[in-house]
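Chain letters run A, B, ... following the sequence lines, proteins first and then strands; every chain starts at 1.
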Amino acid sequence: MTEKPGKRNFFEDVYEVVRLIPKGRVTSYGAIASYLGSKGSARMVGWALIASHPFTKIPAHRVVNRVGMLTGKQHFEEMDTMQERLEQDGVQVVNNQVVNFKELFWDPAKELF
DNA sequence: CCAGTGACGGCTA
DNA sequence: TTAGCCGCCACTG
């Protein structure tokens with residue numbers, strides 16, 4: 001996807017944060033964007049994940065929107081892939097929604113540094 | 001170059 | 001309280 005120098009830094013940063021997400025935990029796009037400094041640009045985080053999907057192997061299934069809904073499941077290899085992977089991590093998902101999302105929520109700005 | 005879109009989030013009615 | 005609109009940033013057509 002025509003990686004350009006400079007902006008790619010933002011992408012790499014997203015990948016690193018996502019990779020640091022502990023198993024059984026989930027985070028939101030806004031939290032990552034805020035941690036990167038581009039708070040408000042949560043969309044860019046999602047875009048970065050799309051771009052990284054087939055190229056960079058990262059637990060993108062641990063990233064959901066601020067409601068805990070698996071909005072991006074449609075972008076996975078299969079729609080159920082995201083939910084299955086989450087259940088594999090021990091995260092309960094019902095109706096495309098993470099159960100106890102608030103408890104499983106992992107904030108990089110707080111937990112990470 | 002201009003307009004539309006998109007794994008979102010926060011604010012206002 | 002719930003529903004809808006606008007805003008941020010990058011990419012495609």
Trainee: Hey, are the side chains of A:F11 and A:V45 touching, using non-hydrogen atoms and a 4.5 Å cut-off?
Mentor: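 Heavy-atom side-chain distance check fails, nothing below 4.5 Å.
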
Trainee: Would a 4.5 Å heavy-atom cut-off, applied to side chains only, mark A:Y29 and A:T71 as touching?
Mentor: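 The answer is yes, as the side chains (C-beta and beyond) meet within the 4.5 Å cut-off.
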
Trainee: Just the rounded figure in Å: distance from P of C:dC9 to CZ of A:R43.
Mentor: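 Taking atom P of C:dC9 as the reference, CZ of A:R43 is at 12 Å.
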
Trainee: What is the distance from CE of A:M44 to C1' of C:dT12, rounded to the nearest Å?
Mentor: 13 Å

Trainee: Please tell me if the side chains of A:I58 and A:S52 come closer than 4.5 Å, counting only heavy atoms from C-beta onward.
Mentor: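 The answer is yes; the side chains approach within 4.5 Å.
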
Trainee: Which heavy atom in A:M82 sits nearest to a heavy atom in A:V64, and how many Å separate them?
Mentor: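 Residues A:M82 and A:V64, closest heavy atoms: CE-CG1, 3.9 Å.
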
Trainee: For A:A60, report the nucleic acid contact type (base, sugar-phosphate, nothing); a contact means any heavy atom under 4.0 Å.
Mentor: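 Base: the residue A:A60, judged by heavy atoms under 4.0 Å, touches a nucleobase.
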
Trainee: Nearest of B:dA7, B:dG9, C:dC9 to any side-chain atom of A:F76?
Mentor: B:dA7

Trainee: Return the value, rounded to whole Å, for the distance between atom CG of A:D13 and atom P of C:dC9.
Mentor: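 In whole Å, C:dC9 P and A:D13 CG are 16 Å from each other.
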
Trainee: Can you tell me how far P in B:dA3 sits from the matching atom in C:dG7, rounded to whole Å?
Mentor: 16 Å

Trainee: Would you say a side-chain N or O of A:S38 is under 4.0 Å from OP1 or OP2 of C:dC8?
Mentor: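 No, outside the criterion.
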
Trainee: Roughly how many Å is it from CG in A:L36 to P in B:dG9, rounded to a whole number?
Mentor: 14 Å

Trainee: To the nearest 0.5 Å, tell me how far A:L49 CG sits from A:H75 NE2.
Mentor: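 One gets 10.5 Å once the value is rounded to the nearest 0.5 Å.
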
Trainee: Looking for any heavy atom pair under 4.0 Å, which part of the strands does A:G40 touch: base, sugar-phosphate only, or nothing?
Mentor: base

Trainee: Nearest whole angstrom, please: distance from the C1' of C:dC8 to the CG of A:N65.
Mentor: 17 Å

Trainee: Whole angstrom is fine here: how far is it from CH2 in A:W47 over to P in C:dG7?
Mentor: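 Roughly 20 Å, once rounded to whole Å.
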
Trainee: Within this structure, what is the CD-to-C1' distance between A:Q74 and B:dG6, rounded to whole angstrom?
Mentor: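 Result: 12 Å.
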
Trainee: Using the P atom as the point on both nucleotides, what is the distance between B:dG4 and C:dC6, in whole Å?
Mentor: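 To the nearest whole Å, 14 Å.
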
Trainee: Starting at atom CD1 of A:I50, determine the distance to atom C1' of C:dA10, rounded to an integer number of angstrom.
Mentor: 11 Å

